[in-house]
Amino acid sequence: MTVSLVPAAPLLQLEDISKVYPGVIALSGVSMDVHHGEVLALIGENGAGKSTLMKILGGVIKPSTGRIVIGSVEYDHLSVEESQAAGIAFVHQELNVFDNLDVASNIFLGREIRSPMGFLDLAAMSRAAAPLLERVGATFGPEALVSELSLAERQLLEIAKALSIKARIVIMDEPTSSLTLTETQTLMKVIADLKADGVAVIYISHRLSEVEECADRVVGLRDGKNAGTLTRDQITHDAMIRLMIGRDLKSLYIEPKRPSGDPILSLRDVRVATAPHASVTLDICAGEIVGIAGLVGAGRTELAEAIFGVGKVIDGQILLNGKNFTARSPEQAIAAGVYLVPEDRKRTGLLLESTISDNISLADLTSVVRMGLISDRAISERAEIQRRQLGIKTASVRRLAAELSGGNQQKVVLGKWLSMQPRLIIFDEPTRGIDVGAKTEIYRLMRSLADSGVGVAMISSDMEEVIGVSDRIVVLREGQVSGTLPRAEFSEHNVLRLAVGAK
């Protein structure tokens, strides 16, 4: 007796999906399918069409052509309600949480648990939220206020919220952009558990090492079209880059042109208000990029903010080019040429509803004053210089910052500082949510700054980035330096060993 094995039908099929806006083809004949218990990675540069395709799947926008099949049900388009009812859950890169509510209320927002009398049952929601938080490795509880959570903790909340829906398909858009290596490994276990339960995962990430680890298949998009598919045994870093940009990329990282020079910034037993019992001693020298690594809660961002004058230095000595320096406000730091590219560019780095040109001049308005008045012409000229030098992709510097891709938004933040006189720039998660091509441009800018004599420090949770970009790695643990690694000793093991305090 012969048994014929027929492959199971896909859980999801997207067929010939196109989306046309006036003058712009966002998607052109894109097709892909996802099977039960499969992790499908969707890769492509910013603007390749990934977000448009996922918005169609989420019911946010209608496709111009094509069809969607979920299970055995066919749609020409989905509404948001139909998408959710079909078992599609999103973990968004742009966090969709409410600061004024607690964790449990955010998880069950719109699906609140109520008592028989119709009142909110907060205790029941907390009980239901607890195992979800445990599943994603969260250390905060259901009653914690979201306003008190870090960016990484909010990311874990988003994942828990998606898991609270009995999802058949979970779409994860840059889910590890704010997570450390340890938290990322926890997420990988969550994904493995979802696979074992037959749940499909669409994984969107610019961190290609993660894609190599978790994906069963990779689908690439380029310029709104299918660029190709990689099976499990074909997935490599170089193959994915070729799929995304259509060519080999010899290296994402750029070697220094000269050895490091004298210290630009020196910290001597510096204690900050957020970690009063810990002190930091380190140097950032001209000609080098100092990577600052550590787990969430190690005090990396808090140290950067204290140097920039957002946080408070309570003890110790800071030297800038050998002279005493303490910024009690960002204004004082900026006046001294000490700049911070913040972790969350959309919340603290940009005015999204202002123009590119206004953002670039924002920190130095006195330089665009003409005859006692702020000059629109001077603002535009200054922005045009940065647009050309940084390669900001925009038709006009009068466009709103909110309309740009993540990589171009980061360039606007950089343009704000580079149009002035930097002596030290601290980059906090500089390539969060940025595609591989834009990453290379950011790395080149950082290297160019270091080679020109500017002090450069980079805080990053991306281990590959820390090892690839840095000339020296300083690892923080519980608010203080646990060790420093020269390039010859770079490895994930050595960084993690120092981060967790292992011998």
Side-chain angles (χ1 to χ4, degrees), residues 41-51 93 174 176-177 204-212 218 220-223 227-228 230 235-258 287-293 341 343 345 349 386-394 404-418 422 425-452 454 456-471 473 487 490:
L42 183 64
I43 63 172
E45 295 189 85
N46 288 342
K50 305 186 303 294
S51 295
Q93 176 189 345
E174 298 290 347
T176 65
S177 58
I204 303 170
S205 180
H206 297 306
R207 294 184 174 181
L208 301 184
S209 59
E210 295 172 8
V211 174
E212 282 188 81
V218 171
L221 294 183
R222 192 188 323 138
D223 300 326
L230 301 174
I235 299 172
T236 66
H237 189 275
D238 290 346
M240 287 187 283
I241 289 176
R242 285 195 296 272
L243 209 60
M244 292 168 67
I245 66 177
R247 64 185 188 278
D248 288 321
L249 198 61
K250 292 183 179 178
S251 176
L252 290 175
Y253 311 115
I254 301 93
E255 293 291 330
K257 293 181 180 178
R258 67 178 191 182
E288 70 171 350
I289 298 174
V290 177
I292 301 178
V341 179
E343 176 182 18
R345 58 180 170 268
Q386 295 304 318
R387 183 184 69 81
R388 290 194 299 271
Q389 290 183 346
L390 298 177
I392 300 171
K393 296 177 183 177
T394 179
L404 299 178
S405 68
N408 284 299
Q409 286 180 345
Q410 192 75 320
K411 290 179 184 178
V412 173
V413 178
L414 283 172
K416 174 174 63 178
W417 298 133
L418 298 185
I425 299 185
I426 305 171
F427 293 82
D428 194 353
E429 304 291 354
T431 62
R432 177 176 177 262
I434 291 177
D435 66 60
V436 65
K439 278 185 179 183
T440 305
E441 294 180 50
I442 298 296
Y443 298 153
R444 289 188 184 280
L445 286 167
M446 293 169 66
R447 181 57 66 192
S448 176
L449 286 166
D451 288 338
S452 69
V454 176
V456 178
M458 180 191 69
I459 299 167
S460 179
S461 300
D462 185 336
M463 188 71 75
E464 181 180 322
E465 179 171 83
V466 170
I467 291 172
V469 174
S470 307
D471 300 308
I473 299 175
R487 182 180 283 271
F490 285 5

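Every value quoted in this text rests on a predicted model; they were computed, and no experiment measured them.
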Can a donor-acceptor pair be found, under 3.5 Å and without considering hydrogens, that links the side chain of [X] to the backbone of [Y]?
X	Y	answer
Arg487	Ser470	yes
Gln386	Lys416	no
Arg345	Val413	no
Lys50	Gly44	yes

Item to complete: State whether Arg447 and Asp471 are salt-bridged, where the test is any N-O pair (Lys NZ or Arg NE/NH1/NH2 against Asp/Glu carboxylate O) under 4.0 Å.
Response: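 Yes.
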Spacing of [X] atom [atom1] and [Y] atom [atom2] [to the nearest 0.5 Å]:
X	Y	atom1	atom2	value
Thr440	Ile241	OG1	CD1	7.5 Å
Gln389	Leu418	CD	CG	8.0 Å
Glu210	Met463	CD	CE	11.5 Å
Thr431	Met458	OG1	CE	8.0 Å
Leu243	Leu221	CG	CG	9.0 Å
Glu212	Thr236	CD	OG1	6.5 Å

Discussion item. Pair Met446, Val341 - check side chain to side chain contact (heavy atoms under 4.5 Å, CB included), show working.
Written reply: CA-CA 12 Å; Met446 293 169 66; Val341 179; over 6 Å; no
Discussion item. The criterion is side-chain hydrogen bond (donor to acceptor under 3.5 Å, both in side chains); which residues satisfy it with Lys411, sequence neighbours excluded?
Written reply: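 For Lys411 the side-chain hydrogen bond (donor to acceptor under 3.5 Å, both in side chains) partners, ignoring immediate neighbours, are Glu441.
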Please name the pair of heavy atoms, one in [X] and one in [Y], separated by the smallest distance, quoted to 0.1 Å.
X	Y	answer
Glu429	Ser461	OE2-OG, 2.6 Å
Arg242	Arg222	O-NH2, 3.7 Å
Gln409	Leu404	NE2-O, 3.5 Å
Glu288	Val290	OE2-CG2, 3.4 Å
Leu208	Ser205	CD2-O, 4.3 Å
Ser460	Val466	O-CG2, 3.5 Å

Discussion item. Suppose we screen for side chain to side chain contact (heavy atoms under 4.5 Å, CB included). Which residues come up paired with Arg387, at least two apart in sequence or across chains?
Written reply: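 Glu384, Ile392, Thr394, Val397.
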Item to complete: Just do the side chain to side chain contact (heavy atoms under 4.5 Å, CB included) check on Phe427 and Ile289 with the steps written out, would you?
Response: CA-CA 10 Å; Phe427 293 82; Ile289 298 174; over 6 Å; no
Practice prompt. Would you check if Leu445 and Gln410 make a side-chain contact, meaning some heavy-atom pair closer than 4.5 Å?
Written response: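 SC-SC contact between Leu445 and Gln410 ruled out.
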Worksheet item: Could you walk me through whether His237 and Ser209 pass the side chain to side chain contact (heavy atoms under 4.5 Å, CB included) check?
Response: CA-CA 7 Å; His237 189 275; Ser209 59; 5.9 Å; no
